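Quick note on labels: first sequence line is chain A, next is B, and so on, each numbered from 1. Please read all numbers here as calculations on a predicted model, not as lab measurements.
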Amino acid sequence: MLPSMPPRDGPILALNDLRKSFGDTKAVAGVTASFGRGEYVCVLGPSGCGKTTLLRLIAGFEQPTSGDIELDGRSLVGVPPERRDVNVVFQSYALFPHLSVRENVAFGPRMKGVPASEIDQRVTTTLQMVRVLELADRRPGQLSGGQQQRVALARALVNRPKVLVLDEPLSALDRSLRLAMQDELRAVQRRTGVTFIHITHDQSEALTLADQLVVMRAGRFEQVGSPAEVYEHPRNRFVADFLGSSNVLEATADADGTVRLAGGVRLRAAGPAAAPGAVLVSLRPECVRVEREGEASSSRENQMAGQVIRVSNTGPLTECRVDVGGATLVAHLPQRANIAEGERVVVSVPAEDVVLLPADATDAQ
Amino acid sequence: MKAGWSARATLLAVLAFLYAPVLVLVLYSFNDARFSATWQGFTFGWYQRLLESPETAAALRSTLVVSLSATALATVLGTLLALGLHLRRFRGRATIELLLYLPVVAPDIVMGVALLAFYVAVHLPLGRLSIILAHVSFQIPFVALIVKARLQDFPAEVIEAARDLGADEGAMIRHVLLPIIRPGILAGALIALALSVDDFLITYFTAGAGASTLPIRIYSMVKRGVTPDINALSTLLLAATLILIVAALKLQKRPNPESM
């Protein structure tokens with residue numbers, strides 16, 4: 001274990017052109033980023049994007065092919081997992097089946113030679129924090145999934161790591177429990193001040209929890225930023241698509257700062273003008289307004305005439321598909337919207353919600 | 001679905017074919033008659049006679065010494081072998097794994113002859129030591145294969161969790177791996193013990209003049225005719241083997257330590 005050091009100002013975790021290949025497969029293909037103390041970081045990406053390999057590199061189960069990982073200013077390259085101030089909450093929880101909950105949580109401090117009296121007190125405090133103290137004498141096999149999850153969290157946090165890595169921690173839980181655990185993870189992270197690196201493929205989970213969101217694809221970081229930043233200003237089509245459904249349309253940017261959709265509709269975007277040429281336009285479904293012809297105020301920006309193709313009710317909102325001549329737009333309307341299929345409508349989008357993306361240079365799909 | 005009468009008849013015939021000889025042997029060991037094949041009444045006499053025979057007592061002692069020490073040695077070595085094969089990636093690992101099956105499938109007579117030739121070549125005198133080493137050599141693969149099967153059921157993440165929590169490899173094996181695979185090791189040891197207790201061929205080739213285990217003793221008694229005390233001795237051997245195998249199977253079926 002590293003000796004305790006005075007707090008520093010630098011990032012707690014820095015990745016520097018980190019790469020990991022397995023044969024010809026580049027699982028992590030050169031990522032650079034740094035994360036601050038006490039941040040809740042979510043790494044979001046589809047399966048096979050390299051996020052699990054990234055986790056294993058940080059935890060020490062894999063050694064990088066090249067590049068560096070720095071924990072609190074010290075390189076972790078060549079340091080075995082047992083000597084890193086990093087702990088992992090495994091997707092399968094990986095609790096020790098032959099030990100009681102208390103013994104599971106005490107395992108880390110015991111291995112590190114913490115005096116017995118202190119272990120006892122630390123274990124009790126940590127079990128209390130994740131609210132499973134009353135289960136201390138049970139075996140993992142006697143616990144529910146949610147309880148095992150809490151024990152796994154306690155077993156990692158009791159070591160007071162500098163960074164806690166969580167591998168799809170909520171994926172095995174059912175929906176209501178998952179939402180409750182999200183709040184709890186967030187609360188525990190705030191209380192302990194430990195930097196969490198939470199790996200997930202669930203975009204709503206990532207948007208809910210993260211201070212810092214990393215979108216990963218094919219071994220690279222596509223975008224790093226706050227959830228609001230990444231959601232509102234996706235850097236490319238992949239990010240826009242992956243963070244909730246989006247209308248991504250091909251268009252041409254003109255010299256006057258407007259863009260022209262394939263069907264000829266002209267839109268004005270509030271952001272900086274794109275260089276003339278091919279671009280993509282991203283319109284969030286919740287930003288698309290749909291009104292009956294004749295009822296729409298003429299002051300709306302970016303109006304397009306269209307016809308409703310389909311209206312489907314998906315619980316809290318109504319999803320409406322509108323043909324605007326050459327393109328189909330998806331709009332999310334509030335529940336009470338009463339618009340019928342086949343109706344002529346006027347679609348409008350505020351200029352600040354028209355997001356321009358580079359044309360598909362980086363888009364492989 | 002209910003089995004038809006033909007299926008049931010076949011089952012009975014197969015069972016009779018398998019167990020009738022053994023049943024007859026067990027019955028006759030309690031038959032109060034020296035030569036008669038007819039039932040003359042129940043007796044423990046033949047078992048008593050066994051206890052009184054100094055040669056049988058010596059053979060029993062010999063069997064216990066040989067089987068217990070060979071099993072202890074083979075269990076340690078077989079477990080280490082399985083751990084090494086499971087935890088390490090090295091050149092020739094696949095070959096070693098394949099070679100493990102060789103003693104399992106090789107005919108006993110070949111093993112016996114080979115061991116005898118080897119002992120002669122290295123000038124190892126035949127006796128208890130040579131029998132023990134011979135037994136260890138055929139027991140190791142069984143222990144290793146059973147322990148390895150247990151290890152393969154073991155989630156890799158649990159090993160990684162132990163390392164992540166500060167255990168080096170040795171501590172991980174001591175505190176996590178061994179306690180969890182203990183039933184597998186025990187099952188391997190019991191199978192190895194059963195194989196050792198009733199081995200005849202390999203022991204016969206490697207025993208030399210003085211040392212004699214129970215199967216060898218039975219063989220030498222049979223040469224003077226099948227007597228009821230042989231039935232009794234065989235029944236005892238059968239019972240011992242059966243108990244060991246059943247215990248081993250029970251241990252192997254046990255899924256995880258949390259059910260203990």
Side-chain angles (χ1 to χ4, degrees), chain A residues 1-2 52 55-56 58-62 79-101 103-114 119 138-143 148 151-152 154-161 163-168 172, chain B residues 75 79 82-91 93-94 146-189 248 250-260:
Chain A
M1 197 170 157
L2 298 169
T52 299
L55 169 149
R56 297 177 61 78
I58 296 171
F61 304 135
E62 306 284 354
V79 179
E82 64 265 28
R83 301 223 321 272
R84 297 179 178 210
D85 278 351
V86 173
N87 284 107
V88 180
V89 174
F90 291 88
Q91 186 171 12
S92 64
Y93 314 138
L95 298 176
F96 303 128
H98 62 301
L99 299 180
S100 71
V101 165
E103 289 163 334
N104 261 279
V105 177
F107 190 89
R110 212 175 104 212
M111 288 300 120
K112 292 189 171 150
V114 177
I119 293 182
R138 301 242 189 120
R139 290 278 173 92
Q142 300 168 307
L143 304 180
Q148 292 188 36
V151 175
R155 187 180 66 172
L157 281 173
V158 75
N159 304 292
R160 299 174 182 161
V163 168
L164 182 75
V165 193
L166 304 101
D167 184 12
E168 304 262 5
Chain B
T75 303
T79 302
L83 283 176
L85 287 172
H86 186 73
L87 294 175
R88 293 289 157 80
R89 298 286 170 269
F90 53 88
R91 274 170 68 96
R93 183 169 151 270
I146 291 169
V147 172
K148 210 160 73 71
R150 190 83 193 185
L151 283 169
Q152 267 152 3
D153 288 345
F154 187 87
E157 282 196 338
V158 173
I159 293 177
E160 286 178 347
R163 301 297 299 275
D164 183 64
L165 293 167
D168 58 23
E169 190 172 48
M172 182 275 291
I173 291 175
R174 245 188 348 274
H175 296 298
V176 177
L177 213 48
L178 285 183
I180 296 180
I181 63 167
R182 193 179 292 144
I185 297 174
L186 218 55
K250 285 216 140 140
L251 280 170
Q252 270 185 295
K253 269 201 214 131
R254 183 171 291 178
N256 251 324
E258 69 243 39
S259 56
M260 285 201 270

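- With a 4.5 Å cut-off on non-hydrogen atoms, A/Val86 touches chain B through its backbone but not through its side chain.
- By the ring pair (Phe, Tyr, Trp, His ring centres under 6.0 Å) test, A/Tyr93 pairs with no residue at all, sequence neighbours left out.
- The aromatic rings of A/Phe96 and A/Phe107 sit tilted relative to each other, their planes meeting at an angle between 30° and 60°.
- There is no contact between A/Leu99 and chain B, counting heavy-atom distances below 4.5 Å.
- Neither the backbone nor the side chain of B/Ala156 comes within contact range of chain A, judged by heavy atoms closer than 4.5 Å.
- Using a 4.5 Å cut-off between heavy atoms, A/Arg155 touches chain B through backbone and side chain atoms alike.
- Classification of B/Glu160 and A/Arg56 as a salt-bridged pair holds, one side-chain N sitting under 4.0 Å from a carboxylate O.
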Sequence neighbours left out, cut at 3.5 Å: what donor-acceptor pairs do the side chains of residues 165-173 of chain B make with other protein atoms?
unit_1, atom_1, unit_2, atom_2, d
B/Asp168, OD1, B/Gly170, N, 3.3
B/Asp168, OD1, B/Ala171, N, 2.9
B/Glu169, OE1, B/Arg88, NH2, 2.1
B/Glu169, OE2, B/Arg88, NH2, 3.2

